[in-house]
Amino acid sequence: MELKDCKVLICDDSILARKQLKDVLIEEGCGLFFEATNGQMAIDLYKKENPDIVFLDIVMPKVDGIEAVKAIKAYDNDACIIMVSSVGTQNLIKASIEEGANDFIQKPFVAKQISTILKNRVEG
Amino acid sequence: MFTQLFGNYLLRKAIITPEELLECMTEAGKSHAKLGTLCIHAGLMSSAEVEKVYILQTHRDERFGEIAIEEGYLTQEQLDNLMEQQPPSYILLAQCLTEKGILNHDEVERLLADYQMETELYDLEMMEDHKDRFKKMVTHFCNFSDLRNGEVGVCYLQLLFNNLIRFIGDDFTPMDLVPFQEYITHYGAKQSIEGSFQLQSAIETNEQAAIAFASRYAGENFEEYDEFVSASLQDFLNLHNGLFVVNMSNSDAVELEIDAPEEIDNMLYAPDGYTYLLPLAFTFGTVNFLITFAK
């Protein structure tokens, strides 16, 4: 799939974190974005828009990232979900992967990490 | 971090005023260490010898190093070694203090020695990146020894100072910690950490300092207080606390959880517990960090 056709869902309660990630993704060539500010909104948007890749924060109000992974994976077992969080403890990484997340990026991320993910998960 | 804590020491001893320190920190950020200053701090020349070379420089068309060698104060080898070394950052603060006439070279040397004695730190060249010595400095600075989780507080502040330098800049001085019960905030964010111990922290500042802090953190040029500035304060707090939780998990096998950060603009902030105000005097303004330990 070409990146310009890739539908990306970004879920983070921080408007700044969403903007910073979106800037990197635009730089990489992505052009179709959906944004959610909490886990529940991400689940609803996923069901509505069926994105190709999801970038999901963990610590968020209402429904957190781990619960959101579980719900999205229950709806679509092929969903590609990348966790992006500052709380990269072994327990949380393990919980994310066990619920079905495909990868985990520790904040602060660098553009190269996002680029590699896109190459492996979307273009590859 | 030695520079920032040495600045705090000078303030605590009322040797300089906050305004003088701020001015010197601003200058230090734009300066380069002079050879004379490096010679004094390396113990190769006395301040009187350096002054003499400066005077001779006004009569001769020669560089400092050339005159110092001719006068027998330095060897070529010593000069070459000095030129090759990256000077520690406190040298620039010391240089600004002397250039502005706030202290003379001898006074700076004596105060550096006094601070080293008080903190039991003797090798300044080694100190900048030395974890144990850094911990010793922070332990001496915060004096959390009466608290049940005092050791955790030291780790928390160590990481905070590192993250401030890493994500905002090193042009700040931590003022003394002040216990308090209530605080009226301007703009800021709070976040709780829970698990085998509880800790709540908050960041708070005025409008202009918030904009400057956020601009540095986000790498943007914000001009007014808006949702991005607010999000930057929350993100910095969230990032710092997240990294703290990761550190505690990796080094001490302590598993902690953090809540989502919350805005605390224009409110009476009165958390339940032992709370300390840590003012951080940046060159763009003061940013307050508020740390609460559960009772």
Within 6.0 angstrom of [X] [atom1], more than 12 heavy atoms from elsewhere:
| X | atom1 | result |
| --- | --- | --- |
| Tyr187(B) | OH | yes |
| Asp272(B) | CG | no |
| Lys70(A) | NZ | no |
| Glu255(B) | CD | yes |
| Glu27(A) | CD | no |
| Leu268(B) | CG | yes |

Taking side chain as everything from C-beta outward and backbone as N, CA, C, O, which of these in [X] sits under 4.5 Å from a heavy atom of chain A? Side chain, backbone, both or neither.
| X | answer |
| --- | --- |
| Glu220(B) | side chain |
| Phe167(B) | side chain |
| Asp259(B) | backbone |

* Between chain B and each of Asn91(A), Asp64(A), Asp12(A), Leu92(A), count heavy-atom pairs under 4.5 Å; write down the option with the most. => Asn91(A)
* chain B: which of Ile15(A), Asp13(A), Asp57(A) shares the most heavy-atom pairs with it under 4.5 Å? -> Ile15(A)
Exercise: identify the closest heavy-atom pair between [X] and [Y]:
| X | Y | value |
| --- | --- | --- |
| Gly242(B) | Val87(A) | CA-CG2, 4.0 Å |
| Gln90(A) | Ser249(B) | N-OG, 4.4 Å |
| Ile258(B) | Val59(A) | O-CG1, 3.5 Å |
| Val246(B) | Gly88(A) | CG2-N, 3.2 Å |
| Leu243(B) | Gln106(A) | CD2-NE2, 3.5 Å |
| Ala17(A) | Asp235(B) | N-OD2, 3.6 Å |

* Structure fact -> Pair count under 4.5 Å, heavy atoms only, with chain A: among Asn247(B), Asn241(B), Val229(B), Asn238(B), highest is Asn238(B)
* To do: With rounding to the nearest 0.5 Å, note down the distance linking CD in Glu227(B) to NZ in Lys19(A).
  => 11.5 Å
* Between CD of Glu257(B) and CD1 of Ile58(A), what distance do you get to the nearest 0.5 Å? -> 11.0 Å
